[in-house]
Colleague: 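Please find one structure pasted underneath; my questions will follow.
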Amino acid sequence: DGGITQSPKYLFRKEGQNVTLSCEQNLNHDAMYWYRQDPGQGLRLIYYSQIVNDFQKGDIAEGYSVSREKKESFPLTVTSAQKNPTAFYLCASSIRAGGQLFQTDTQYFGPGTRLTVL
Amino acid sequence: QKEVEQDPGPLSVPEGAIVSLNCTYSNSAFQYFMWYRQYSRKGPELLMYTYSSGNKEDGRFTAQVDKSSKYISLFIRDSQPSDSATYLCAMGGGYQKVTFGIGTKLQVIP
């Protein structure tokens, strides 16, 4: 079955630690995204990538880093510089259309990772 | 003013009722509109996609877009307890990134 997988489902981080969230897709989608979801704030875009070895900052990139070494994979690292990392993290992907990333951008989401800082 | 406004609810309805969920937006560049359903502690699932104004029906779900009023709706007929979830509207187009509403929490009471 095609889809997006995220791991782990739950993650606990101690103060000062970096942690990496995994996101893998087998939909053959070019574009991948990371969002953060907090109660009452909706989805906020952290980073996105249109193509392998290329990515752009979203609205709240500070304290996060990403890589896109393979089309299928887009891991997110939450660094110790992120002061309030406790949240639900969602990875998504979409077919890149016509060279304009957001022209037709139906995104499909993974199941999410809940990160808690201890 | 947020680009996309959505009432967070919660909205409680009896089983079998018709549910109306709505979003308003301010950016006239938005061209396509989506509704996602999100169960608690799960990722959003795409329900409906519409391009420009008009209606689209899929089973018990109808999506309606009125670009002149910058208003979109999702109607659920014969609502079921399994419809209890948070419903997110989303929209994008051209060079605009997809923007999501904060979601409306729906509870269908048996």
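Lettering follows sequence order; numbering is per chain, from 1.
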Colleague: Among the clusters formed by ILVMFWY side chains lying less than 4.5 Å apart, do F33(B) and W35(B) turn up in the same one?
Modeller: yes
Colleague: Which pair of heavy atoms, one from Q107(A) and one from Y36(B), lies closest together, and at what distance?
Modeller: O-OH, 2.6 Å
Colleague: Tell me, for D38(A) versus chain B, whether the close heavy atoms (under 4.5 Å) come from the side chain, the backbone, both or neither.
Modeller: neither
Colleague: M32(A), V52(A): one ILVMFWY side-chain cluster at the under-4.5 Å cut-off?
Modeller: no
Colleague: Taking atom NZ of K71(A) as the centre, does the number of heavy atoms from other residues, nucleotides or ligands within less than 6.0 Å exceed 12?
Modeller: yes
Colleague: Can V66(A) be reached from I60(A) by stepping across I, L, V, M, F, W or Y side chains whose heavy atoms are under 4.5 Å apart?
Modeller: yes
Colleague: Over all heavy atoms of both residues, which pair between G43(B) and L90(A) is shortest? Give the atoms and the distance, please.
Modeller: CA-CD2, 3.7 Å
Colleague: Kindly give the heavy-atom pair with the smallest separation between F88(A) and Q38(B), and that separation in Å.
Modeller: CE2-NE2, 3.8 Å
Colleague: To the closest 0.5 Å, what do you measure between OG1 (T99(B)) and CG (L45(A))?
Modeller: 9.5 Å
Colleague: In this structure, would L76(A) and V117(A) fall into the same cluster of hydrophobic residues linked by side-chain contacts under 4.5 Å?
Modeller: no
Colleague: Please indicate whether K105(B) has more than 12 foreign heavy atoms, meaning atoms of other residues, nucleotides or ligands, lying under 6.0 Å from its NZ.
Modeller: no
Colleague: Using a cut-off of under 4.5 Å for heavy-atom pairs, which of T86(B), L46(B), L88(B) has the most such pairs with chain A?
Modeller: L46(B)
Colleague: Side chain, backbone, both or neither: which part of Q37(A) has a heavy atom under 4.5 Å from chain B?
Modeller: side chain
Colleague: At a heavy-atom separation under 4.5 Å, does P44(B) approach chain A through its side chain, its backbone, both, or neither?
Modeller: both
